[in-house]
**Q** 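Take this structure, written in structure tokens, and hold onto it; I'll ask about it next.
Given the structure is predicted, the values throughout are model-derived calculations rather than measurements. In what follows, every heavy atom counts, from backbone to side chain, and hydrogens, waters and symmetry copies are set aside.
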Amino acid sequence: MFALIDANSFYCSCERAFDPKLRPLPVAVLSNNDGCAIALTREAKDLGLKMGDPYHLVAKRPELKPIVWRSSNYALYGDMSRRIYETLLDLVPVVEPYSIDEMFLDLAGMPGELAQLAADIRSHVRKIAKIPCCVGIGPTKTIAKLANKVAKKDRNGPGVCDYSEESVRAAAYPSLPLGDVWGIGPASVAKLAALGVETVGAFVAMPAEYVRKVLTVTGAKTHAELQGVICFPFNTAPATRKSLAVTRSFGRAVTTWPEMRDAIASYTARAAEKMRRHGLVASAMQVFMLTNRFNNDPRYANQVTFAVEPTADSFALIASAVHAAERLWRPGYRFAKAGVVFVDLHRPDDLPIQMLPSRDPERSARLMAALDGVNGRFGRNTLRPGGTGPKPQWGMRRARLSPAYTTRLDDVLEAQA
DNA sequence: TCTGGGGTCCTAGGACCC
DNA sequence: TCTGGGGTCCTAGGACCC
């Protein structure tokens with residue numbers, strides 16, 4: 001039996017955890033660049049704000065005036081996620097983090113009544129990690145996710161929904177909309193609606209071969225999972241990742257090559273850092289740049305993917321990325337966004353030995369270790385490659401950023417007795 | 001002036017091979 | 001009148017997730 005625990009309006013709840021006066025107020029957290037709303041409290045939803053609404057358009061609407069806006073603070077949210085994880089380990093033996101605000105729990109062999117256990121877990125997380133959550137229970141991950149969704153929708157309910165019993169599911173499925181199912185997105189909802197299938201009950205009643213024909217194997221797995229057949233097993237060891245990206249919209253349009261070059265260099269340096277943290281090397285990379293697609297600026301978008309000598313060396317990768325960007329660059333356009341993606345990631349041991357490496361691998365490794373060591377100790381960007389300046393004009397807008405309460409010594413709250 | 005970022009998996013079709 | 005069969009690999013695009 002599985003449980004899925006999912007934080008309510010996670011980013012907003014993190015803001016509230018350290019700023020109690022926000023608790024009764026409608027709160028919304030903005031995407032990078034203060035672009036659009038990506039997390040909303042129930043109070044903000046009730047005022048009519050929607051996920052994805054562009055901030056510069058909705059900030060003026062009079063009925064949305066009471067909303068308290070925050071720039072996204074990933075240092076805070078990432079750390080709060082870790083705290084939830086550790087809090088859960090107080091009560092259950094294994095936890096599988098699924099996303100920044102969701103964790104699967106394996107309840108196999110847990111004593112006592114499951115719904116009561118879920119309620120205990122929920123109140124423990126709320127008390128210790130200061131984050132409100134809902135819990136769903138089911139014999140497969142898909143059912144646990146569905147139960148969680150049901151728990152969330154019931155505003156005055158207990159915050160727990162137990163679908164461990166087949167009879168309970170059979171009673172509930174006919175009234176649940178298909179779009180609530182994990183893995184069934186808008187395209188599949190439309191496809192199935194055209195066939196007259198609109199509820200989980202109707203979906204489950206479809207013959208398996210037919211589902212497979214309409215929705216391919218992914219849909220067939222979801223179909224089986226809803227009937228209690230495990231297709232997505234519990235996984236404690238995280239899979240090694242296959243790609244890794246740093247892509248950003250600019251705080252204002254980039255119109256000169258030196259600015260674009262510096263942006264690409266900075267993104268590459270960040271991505272290389274991430275890659276080293278995972279102990280991986282890239283043997284191919286992609287670089288792209290594009291203009292604003294929402295206004296009337298002349299449009300241009302281009303990308304290039306190319307192989308590189310497998311490495312995690314920032315300097316080597318920056319040189320390759322900038323060289324590629326130079327080929328994509330077109331003067332006269334107002335660029336809104338650019339990015340660097342490392343694909344074809346490997347553990348260095350899995351690759352053949354480079355017979356004629358273009359740089360000394362030992363020296364490179366020592367240099368990168370020194371770079372990461374200094375930055376780990378004194379803060380990101382203390383040491384950085386040339387051309388990756390700290391506060392560029394094109395940098396992210398984050399006008400409403402909260403303090404890094406848990407990860408920056410200067411920002412830690414003071415308690416007075 | 002201002003509309004996010006970062007992932008995974010699957011399939012079809014083309015290129016290529018024998 | 002008539003032009004095979006079977007395989008692999010790669011890529012682009014679609015769909016989904018948070």
Side-chain angles (χ1 to χ4, degrees), chain A residues 4 6-11 28-39 49-60 69 71-74 77-78 81 97-104 141-142 145 148-149 152 178-192 212-222 231-232 235 238-255 267 270-271 274-275 278 284 286 288 290-297 303-307 334 336-345 393-394 396-400:
Chain A
L4 178 79
D6 179 328
N8 302 344
S9 313
F10 180 55
Y11 298 170
V29 170
L30 297 166
S31 64
N32 272 346
N33 249 337
D34 294 344
C36 52
I38 53 166
L49 183 66
K50 298 237 160 30
M51 188 75 128
D53 279 346
Y55 174 57
H56 76 278
L57 297 180
V58 295
K60 307 177 191 136
W69 303 91
S71 302
S72 38
N73 183 345
Y74 290 105
Y77 312 150
S81 177
Y98 170 66
S99 73
I100 195 164
D101 75 324
E102 287 175 53
M103 327 248 160
F104 283 108
K141 286 182 170 178
T142 303
K145 285 277 282 179
N148 181 279
K149 176 87 81 175
K152 277 229 154 122
L178 206 41
D180 283 359
V181 175
W182 185 41
I184 305 289
S188 303
V189 167
K191 249 186 218 170
L192 293 166
R212 173 158 184 159
K213 227 168 77 186
V214 181
L215 300 184
T216 79
V217 292
T218 14
K221 284 183 178 175
T222 298
C231 300
F232 308 118
N235 242 327
T240 47
R241 53 201 301 157
K242 307 197 161 148
S243 71
L244 182 159
V246 173
T247 73
R248 294 274 182 283
S249 297
F250 302 124
R252 65 151 177 74
V254 160
T255 55
Y267 296 174
R270 273 293 294 131
K274 270 200 218 176
M275 197 157 58
H278 287 93
Q286 180 185 94
F288 70 85
L290 38 89
T291 54
N292 191 326
R293 62 187 204 282
F294 297 102
N295 63 15
N296 293 322
D297 284 355
Q303 69 89 22
V304 56
T305 307
F306 52 96
R334 296 168 48 75
K337 178 174 179 172
V340 173
V341 188
F342 291 137
V343 291
D344 210 6
L345 301 181
Q393 300 245 327
W394 44 263
M396 226 196 290
R397 280 190 306 272
R398 295 210 280 181
R400 303 171 170 280

**Q** Could you check whether A:D101 gets within reach of a base, just the sugar-phosphate, or nothing at all, counting any heavy atom under 4.0 Å?
**A** sugar-phosphate
**Q** Any idea which of B:dG4, B:dC10, B:dC2 is nearest the A:K60 side chain?
**A** B:dC2
**Q** With nearest nucleotide decided by heavy atoms, which residue, A:R293 or A:S243, maps closer to the 5′ end of DNA chain B?
**A** A:R293
**Q** The test is side-chain contact (heavy atoms from CB on, under 4.5 Å); show your working for A:T222 and A:I184 and say whether it passes.
**A** CA-CA 8 Å; A:T222 298; A:I184 305 289; 4.2 Å; yes
**Q** At what distance, to the nearest 0.5 angstrom, does OG1 of A:T247 lie from CG of A:N32?
**A** 8.5 Å
**Q** Taking only side-chain nitrogens and oxygens of A:T247, does any of them come within less than 4.0 Å of OP1 or OP2 of B:dG6?
**A**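 Indeed, a polar side-chain atom of A:T247 lies that close.
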**Q** If each of A:T240 and A:F294 is mapped to the nucleotide of DNA chain B with the nearest heavy atom, which maps nearer the 5' terminus, i.e. the 5' end?
**A**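 The residue closer to the strand's 5' end, by nearest nucleotide, is A:F294.
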**Q** Distance from A:R252 atom CZ to A:R397 atom CZ, nearest 0.5 Å?
**A** 11.0 Å
**Q** Whole-Å distance between C:dC18 C1' and A:N8 CG?
**A**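 Going from CG in A:N8 over to C1' in C:dC18 covers 15 Å.
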**Q** Take the protein atom CD1 of A:I184 and the nucleotide atom P of C:dC17, then report the distance between them rounded to whole Å.
**A** 8 Å
**Q** Looking only at the side chains, is there a donor atom on one of A:T291 and A:D297 sitting less than 3.5 Å from an acceptor on the other?
**A**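 A:D297 and A:T291 do not have a side-chain donor-acceptor pair below 3.5 Å.
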**Q** Which nucleotide sits closest to the side chain of A:S249: B:dG4, B:dT11, B:dC2?
**A**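 So the nucleotide nearest the side chain must be B:dG4.
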**Q** For nucleotides C:dC18 and B:dT3, find the distance between their P atoms and express it as a whole number of Å.
**A**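 The answer is 25 Å between these two P atoms.
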**Q** Give each stem of DNA chain B as a range with a range, requiring at least 3 consecutive Watson-Crick or G-U wobble pairs whose two distances are under 3.5 Å.
**A** B:5-18 with C:5-18
**Q** Are OP1 or OP2 of C:dA15 and a side-chain N or O of A:K191 less than 4.0 angstrom apart?
**A** no
**Q** For A:K242 and B:dC9, is the shortest distance between a side-chain N/O and OP1 or OP2 below 4.0 Å?
**A** yes
**Q** Within this structure, what is the CG-to-C1' distance between A:D34 and B:dT1, rounded to whole angstrom?
**A**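 Those two atoms, CG and C1', are 13 Å apart.
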**Q** Considering only B:dG7, B:dT3, B:dT11, which nucleotide approaches the side chain of A:T216 most closely?
**A**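 Shortest atom-to-atom distance from the side chain points to B:dT11.
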**Q** When you check the phosphate oxygens OP1 and OP2 of B:dG7, does a side-chain N or O of A:K274 lie under 4.0 Å from one of them?
**A**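 Yes, A:K274 has a side-chain N/O under 4.0 Å of OP1/OP2 on B:dG7.
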**Q** Does C:dC18 have OP1 or OP2 under 4.0 Å away from a side-chain N or O of A:K145?
**A** yes
**Q** Reckon A:S188 has a side-chain N or O less than 4.0 Å from the OP1 or OP2 of C:dC16?
**A** yes
**Q** Whole Å only: how far is the CZ atom of A:R241 from the P atom of B:dG7?
**A** 4 Å
**Q** In this structure, how many angstroms lie between the P atom of B:dT1 and the CZ atom of A:R397, rounded?
**A** 12 Å
**Q** What's the closest nucleotide to the side chain of A:V246 if the choices are B:dG6, B:dG4, B:dC10?
**A** B:dG6
**Q** Looking at every strand, decide which applies to A:L244 at a 4.0 Å heavy-atom threshold: base, sugar-phosphate, or nothing.
**A** sugar-phosphate
**Q** Base, sugar-phosphate, or nothing: which does A:V189 touch, judged by heavy atoms less than 4.0 Å apart?
**A** nothing
**Q** Check the angle between the aromatic planes of A:F232 and A:W182 and answer parallel, tilted or perpendicular using the 30° and 60° thresholds.
**A** perpendicular
**Q** Tell me: CG of A:L290 to C1' of B:dG5, nearest whole Å?
**A** 13 Å
**Q** Nearest of B:dT3, B:dT11, C:dC17 to any side-chain atom of A:P54?
**A** B:dT3
**Q** Taking only side-chain N and O atoms of A:T305, does any of them lie within less than 4.0 angstrom of OP1 or OP2 on C:dT11?
**A** no
**Q** Just wondering, more than 12 heavy atoms not from A:Q393 lying within 6.0 Å of its CD?
**A** no
**Q** Could you tell me whether A:K152 and A:D6 make a salt bridge, using a distance below 4.0 angstrom between a side-chain N and a carboxylate O?
**A** yes
**Q** Nearest-Å distance, CH2 (A:W182) to C1' (B:dG7)?
**A** 14 Å
**Q** State which of C:dC17, B:dG4, B:dT11 makes the closest approach to the side chain of A:Y98.
**A**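 For A:Y98, the side-chain atoms sit closest to C:dC17.
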**Q** Classify the nucleic acid contact of A:N33 as base, sugar-phosphate or nothing, counting any heavy atom under 4.0 Å across all strands shown.
**A**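 If one applies the 4.0 Å heavy-atom cut-off, A:N33 turns out to touch nothing in the nucleic acid.
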**Q** Grab the OH-C1' distance between A:Y74 and B:dG4 for me, whole Å please.
**A** 7 Å
**Q** Mind checking A:V341 for me? I need base, sugar-phosphate or nothing, with any heavy atom below 4.0 Å counting as a touch.
**A** nothing
**Q** Hey, does A:Y55 reach any base, or is it just sugar-phosphate, or nothing, if we go heavy atoms under 4.0 Å?
**A**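 The answer is nothing, as A:Y55 stays clear of every strand by at least 4.0 Å.
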**Q** So does A:I100 get a backbone contact from the side chain of A:S81, meaning a donor-acceptor N/O pair under 3.5 Å?
**A**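 Judged by distance alone, yes, a pair lies under 3.5 Å.
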**Q** I need the A:K221 NZ to A:L215 CG distance, nearest 0.5 Å.
**A** 14.0 Å
